[in-house]
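Working notes, structure below.
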Amino acid sequence: MLPPASFPVPGPGDAARHELLQSVVDVARAIFGAAASSVCLLDEEADELVFQAVSGEGEEFLVGRRFPAGRGIAGWVATSGEPMIVDDLSRNTSFDRSLAESTEYVPDALMAAPLISDARVLGVLEVLDPSPQARSDVRELDLLAMFARQAAAALRVLAPQRADARVLEGERREDALQLLGSLERLLRGTG
């Protein structure tokens, strides 16, 4: 089990991190042919996972929504630090159907990977109802985990070094966004 990170959950005015996280979920959704994708970051003080970016189902209203960090598959992934694929959620005991229903979208399958940086869990990247070929291959789970690690590294670049520091801008912000763009091209086989 990896320790949770003391990572500040982005606030509404944190445009650079929002842009980065939105890019992550948009790319993950496209790569895996999914109905939706989301990033939830861990708010360690509140012991909650917080939706920070959503692409597809629920994108209009889920950002900012919170749920207990120990609930559901996202909670298991955040606690264990291990990625997971579930082909049939109706048969999985970790799946919290009531939590899914509260988001107004109940998937049949999902993939989830922890966002890990410096051996600490920052949050979880989820892909809901990925294409059937993406859910049946362990290589796809490895790909999602690799993408989540890259996203976490880019996110760390944007994180303040001290509690009173400002979000990094300029060259370091651009480096993080270029990293994601390069990763997207690599994963799509165009770069």
Side-chain angles (χ1 to χ4, degrees), residues 1-5 9 21-22 24-44 46-117 119-152 155 183-184 187-188:
M1 181 168 111
L2 293 172
V9 175
L21 293 173
Q22 192 61 48
V24 166
V25 295
D26 289 342
V27 171
R29 182 174 169 220
I31 289 170
F32 297 103
S37 180
S38 63
V39 165
C40 293
L41 294 183
L42 185 62
D43 180 343
E44 190 175 13
D47 195 30
E48 294 176 323
L49 286 166
V50 184
F51 282 99
Q52 293 298 317
V54 178
S55 180
E57 297 290 333
E59 68 185 34
E60 306 85 24
F61 59 89
L62 282 176
V63 172
R65 196 133 177 238
R66 297 170 167 267
F67 61 95
R71 280 185 72 184
I73 291 175
W76 184 88
V77 168
T79 301
S80 70
E82 296 293 325
M84 177 185 263
I85 293 178
V86 182
D87 287 326
D88 184 357
L89 290 168
S90 68
R91 296 178 183 223
N92 186 285
T93 58
S94 296
F95 181 61
D96 188 333
R97 186 170 189 81
S98 64
L99 179 61
E101 287 171 349
S102 76
T103 69
E104 298 181 24
Y105 181 72
V106 180
D108 295 318
L110 69 73
M111 301 168 67
L115 297 172
I116 299 174
S117 181
R120 299 185 71 88
V121 175
L122 305 177
V124 177
L125 170 61
E126 280 192 319
V127 177
L128 306 178
D129 287 327
S131 67
Q133 56 271 34
R135 2 179 151 158
S136 61
D137 192 340
V138 173
R139 289 181 310 213
E140 297 297 316
L141 184 59
D142 290 342
L143 180 62
L144 181 67
M146 181 175 38
F147 184 58
R149 281 193 305 273
Q150 292 297 318
L155 193 57
L183 183 60
E184 177 183 11
L187 293 173
R188 289 179 186 246

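Counting from 1, the numbers follow the sequence of the chain as shown. Just so it is clear, the model here is predicted, and its values are computed rather than measured.
The side-chain hydrogen bond (donor to acceptor under 3.5 Å, both in side chains) test with Arg91 singles out one residue from Thr93, Asp88, Asp87, and that residue is Asp88.
At a threshold of 4.5 Å between non-hydrogen side-chain atoms, the residues Val86 and Phe95 do not count as touching. In this structure, Ile31 and Leu143 have side chains that are in contact, with non-hydrogen atoms separated by less than 4.5 Å. Put simply, the side chain of Pro114 does not reach to within 4.5 Å of the side chain of Glu82, judged on heavy atoms.
Remark: the backbone N or O of Ala109 is paired with a side-chain donor or acceptor of Asp129 at under 3.5 angstrom. Here the side chain of Arg65 pairs a donor or acceptor atom with the backbone of Ser102 at under 3.5 angstrom. No side-chain donor-acceptor contact under 3.5 Å links Gln52 to the backbone of Gly64. With hydrogens and angles ignored, the 3.5 Å screen pairs a side-chain donor or acceptor of Thr103 with a backbone N or O of Ala100. Side chain of Glu59 to main chain of Gly56: a donor-acceptor pair is present (N/O by atom type, distance under 3.5 Å, no hydrogens or angles).
Contact detail for Met111 and Glu140: the closest heavy-atom pair is CE-O, 3.6 Å. The minimum heavy-atom distance linking Ala152 with Ile116 is given by the pair CB-O, 3.3 Å. A pairwise comparison of heavy atoms in Gly81 and Val121 identifies CA-CG2, 4.2 Å as the closest pair. For the pair Val63 and Ala53, the tightest heavy-atom approach, listed with the atom from each and the gap, is CG2-CA, 4.1 Å. Scanning all heavy atoms of the two residues, the minimum distance from Ala36 to Glu57 falls at CB-N, 3.6 Å. The two residues Pro107 and Leu89 make their nearest non-hydrogen contact at O-CD1, 3.4 Å.
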For this session: Could you give me the CA-CA distance, side-chain angles and deciding distance for Asp96 and Trp76, then say whether side-chain contact (heavy atoms from CB on, under 4.5 Å) is met?
Result: CA-CA 11 Å; Asp96 188 333; Trp76 184 88; over 6 Å; no
Exercise. Are Val27 and Phe147 close enough, and set up right, to give a side-chain contact (heavy atoms from CB on, under 4.5 Å), and what steps lead you there?
Worked result: CA-CA 10 Å; Val27 171; Phe147 184 58; 3.7 Å; yes
Exercise. Taking it one step at a time, do Cys40 and Phe67 satisfy side-chain contact (heavy atoms from CB on, under 4.5 Å)?
Worked result: CA-CA 10 Å; Cys40 293; Phe67 61 95; 3.9 Å; yes
Exercise. Run the side-chain contact (heavy atoms from CB on, under 4.5 Å) check on Val50 and Leu41 step by step: do they pass?
Worked result: CA-CA 5 Å; Val50 184; Leu41 294 183; 5.5 Å; no
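Between the OH atom in Tyr105 and the CG atom in Leu128 there is a gap of 6.5 Å [rounded to 0.5 Å]. Taken to the nearest 0.5 Å, the CG atom of Leu42 stands 9.5 Å off from the CD atom of Glu48.
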